[in-house]
Structures are given as structure tokens and as C-alpha cells.
Amino acid sequence: MLYLTRKEHFNAAHKLYNEQWSEEENERVFGKCANANWHGHNYDLFVTVKGEPNSDTGFIMNAKELGDIIKREILTKFDHKNLNVDVPYFKEIQPSTENFAKVIWQLIEPHIYDCRLHCIKLQETETIFAEYYGE
Ligand code: NI
């Protein structure tokens with residue numbers, strides 16, 4: 001089994017805020033991420049597929065085609081967008097790194113062919129990233 005990872009980069013704004021809670025509780029739990037007027041992140045996205053190399057190409061999957069899928073399914077939907085208001089995916093869930101990684105999996109997975117999606121790693125800051133393996 002071999003693994004191939006494609007990295008892409010995009011920017012998006014969000015805020016983490018629970019309407020059921022008081023201002024103080026939101027501030028306590030989410031800190032700066034609860035800022036009412038949003039804040040931005042420079043996201044690094046790592047999409048890893050797994051499989052056996054094709055005998056003709058040596059590829060698990062064509063890396064350019066994987067990049068095209070990521071651009072079409074993720075970057076065109078999320079780059080330079082406000083996750084809370086510009087896209088439909090976070091109406092019922094927080095736009096946290098964890099939830100975002102799962103949304104990205106759900107958008108990319110149906111388009112992977114000849115191999116399987118292994119991991120979505122979404123890096124939100126230098127020190128924080130989430131990984132989702134589909135379960
Ligand atoms: Ni944030």
C-alpha cells in the first residue's frame with residue numbers, strides 16, 4: 001500500500017460562536033475565535049490517497065487530477081469566503097478545524113477513483129491541525 005498526498009492552500013474567515021451561550025461563555029471557550037467581526041486563517045490542506053501504483057503510470061492516482069478535484073470541490077467553494085455566511089456547510093455545525101476537515105472529506109471522497117481517500121489533514125495555524133480518516 002502506498003500513500004500520495006497533495007497539498008493546497010487557501011484562505012477563509014470564520015468565527016466560533018454558540019448562540020445558546022452568553023457572551024462570557026463564548027469568550028471563555030472560543031477566545032479570540034469568537035470575535036464578532038470574524039477573523040481569517042491561512043489554511044493548508046493535505047489530501048492523502050492510498051492504493052497500489054498503476055503498472056502503466058506508476059501512479060496511485062494522477063496528482064494533477066487530484067489537484068484539479070481539490071481546486072474544483074474545495075478552493076472554488078471556500079477560498080476567500082466567510083465559512084459562517086458564504087457557504088451552506090456550517091449552518092448547523094461550528095466551522096472548527098475538525099468539522100471543516102470532515103466537510104472536505106465528504107466533498108472530495110466521491111470523486112476519488114482507482115484508489116481510496118485516506119486522510120484529510122487541515123492545518124489552521126502553525127500549531128493546530130485536524131485529521132479525518134473517514135470514521
Ligand atoms: Ni479561528
Side-chain angles (χ1 to χ4, degrees):
M1 182 75 70
L2 283 131
Y3 298 79
L4 174 74
T5 299
R6 177 94 193 195
K7 179 186 176 188
E8 299 288 345
H9 181 82
F10 63 96
N11 312 299
H14 74 166
K15 74 173 171 183
L16 299 177
Y17 193 88
N18 190 323
E19 302 286 347
Q20 314 293 322
W21 297 349
S22 66
E23 285 286 331
E24 293 72 26
E25 187 71 352
N26 274 286
E27 178 71 27
R28 189 183 66 76
V29 174
F30 296 125
K32 285 191 217 169
C33 274
N35 180 47
N37 291 325
W38 327 104
H39 63 278
H41 289 288
N42 295 309
Y43 289 99
D44 282 322
L45 171 61
F46 302 81
V47 176
T48 302
V49 295
K50 64 181 172 185
E52 295 299 332
N54 177 284
S55 59
D56 293 324
T57 63
F59 298 159
I60 299 168
M61 182 177 178
N62 186 307
K64 183 189 177 299
E65 288 173 19
L66 181 55
D68 290 343
I69 291 167
I70 300 168
K71 288 181 187 101
R72 187 182 73 236
E73 296 300 322
I74 308 302
L75 272 57
T76 59
K77 292 184 173 110
F78 296 107
D79 191 27
H80 285 69
K81 297 291 171 60
N82 182 319
L83 301 178
N84 297 77
V85 299
D86 292 334
V87 296
Y89 307 101
F90 302 103
K91 300 298 181 201
E92 307 293 329
I93 56 173
Q94 295 286 349
S96 62
T97 320
E98 296 92 319
N99 283 338
F100 199 2
K102 191 171 181 180
V103 165
I104 290 170
W105 175 289
Q106 289 163 347
L107 290 170
I108 286 181
E109 201 274 334
H111 303 281
I112 301 298
Y113 59 92
D114 293 344
C115 62
R116 283 185 294 150
L117 185 56
H118 174 63
C119 178
I120 298 297
K121 174 181 168 183
L122 185 64
Q123 183 130 22
E124 189 182 73
T125 69
E126 281 291 310
T127 53
I128 297 172
F129 62 84
E131 292 166 294
Y132 185 60
Y133 293 88
E135 59 184 42

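These values consider heavy atoms only, across backbone and side chains, with no hydrogens, waters or symmetry-generated copies. Note that the structure is predicted; figures quoted are calculated from it, not measured.
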side-chain contact (heavy atoms from CB on, under 4.5 Å) assessment of I93 paired with V103: CA-CA 10 Å; I93 56 173; V103 165; 4.3 Å; yes
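- To the nearest 0.5 angstrom, K64 atom NZ is 11.0 Å from L66 atom CG.
- Across all their heavy atoms, F90 and P95 have their closest contact at CD2-CA, 3.5 Å.
- Taking 4.5 Å as the limit, every side-chain heavy atom of Q123 sits out of range of all side-chain heavy atoms of I128.
- Surrounding CZ of R116 are at most 12 heavy atoms belonging to other residues, nucleotides or ligands under 6.0 Å away.
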May I have the list of side-chain donor-acceptor pairs in residues 6-13 shorter than 3.5 Å, sequence neighbours left out?
residue : atom : partner : partner atom : Å
R6      : NE   : E8      : OE2          : 2.9
R6      : NH1  : A63     : O            : 2.9
R6      : NH2  : E8      : OE2          : 3.2
H9      : ND1  : Y43     : O            : 3.1
H9      : ND1  : D44     : OD1          : 2.8

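- In this structure, K81 is not positioned above the aromatic face of F78 in the sense of NZ or CZ being under 6.0 Å from the six-membered ring centre and within 45° of the axis.
- In this structure a side-chain-to-backbone donor-acceptor pair under 3.5 Å is missing from E52 to L2.
- In this structure the side chain of N62 never reaches within 4.5 angstrom of the side chain of T57, judged on heavy atoms.
- No continuous path of ILVMFWY side-chain contacts below 4.5 Å connects F59 to F46, so the two sit in separate hydrophobic clusters.
- S96 has its side chain out of reach of E124: every pair of non-hydrogen atoms, C-beta onward, lies at least 4.5 Å apart.
- Follow the hydrophobic side-chain contacts under 4.5 Å out from V87 and you reach W105 in the same cluster.
- With hydrogens and angles left out, the side-chain atoms of E27 and Y17 include no donor and acceptor closer than 3.5 Å.
- Looking only at distances, no side-chain donor or acceptor of D79 sits under 3.5 Å from a matching main-chain atom of L75.
- At a threshold of 4.5 Å between non-hydrogen side-chain atoms, the residues T48 and L117 do not count as touching.
- At least one side-chain heavy atom of Q94 sits less than 4.5 Å from a side-chain heavy atom of N99.
- Between the CG atom in N35 and the CG atom in L16 there is a gap of 11.0 Å [rounded to 0.5 Å].
- Taking a 6.0 Å sphere around NZ of K91, one finds it holds more than 12 heavy atoms contributed by other residues, nucleotides or ligands.
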Derivation and outcome, side-chain contact (heavy atoms from CB on, under 4.5 Å), residues I70 and I108: CA-CA 7 Å; I70 300 168; I108 286 181; 4.1 Å; yes
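- In this structure, K32 has no salt bridge (charged side-chain N to carboxylate O under 4.0 Å, His left out) partners at least two apart in sequence or on a different chain.
- The side-chain heavy atoms of N82 and V85, taken from C-beta on, include a pair separated by under 4.5 Å.
- The CD1 atom of I120 sits 13.0 Å away from the NZ atom of K102 when rounded to the nearest 0.5 Å.
- Considering all non-hydrogen atoms of both residues, M61 and C115 come closest at CB-SG, 3.7 Å.
- Between F100 and Y89, the gap from one ring centroid to the other reaches at least 6.0 Å.
- With sequence neighbours excluded, the residues forming a side-chain hydrogen bond (donor to acceptor under 3.5 Å, both in side chains) with E25 are R28, listed by chain and number.
- The cluster map of Ile, Leu, Val, Met, Phe, Trp and Tyr, joined by side-chain heavy atoms under 4.5 Å apart, puts I74 and F129 in different clusters.
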Full working for side-chain contact (heavy atoms from CB on, under 4.5 Å) between K15 and C33: CA-CA 5 Å; K15 74 173 171 183; C33 274; over 6 Å; no
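- V47 is not listed as a side-chain neighbour of T5, based on a closest heavy-atom distance of 4.5 Å or more.
- In this structure, K50 fails the cation-pi test against Y3, since its NZ or CZ atom is not both closer than 6.0 Å to the six-membered ring centre and inside 45 degrees of the ring normal.
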Working for side-chain contact (heavy atoms from CB on, under 4.5 Å), residues T125 and H41: CA-CA 7 Å; T125 69; H41 289 288; 4.0 Å; yes
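- The side-chain heavy atoms of K77 and L107, taken from C-beta on, include a pair separated by under 4.5 Å.
- When only modelled atom types and interatomic distance are considered, Y133 and E131 share a side-chain donor-acceptor pair under 3.5 Å.
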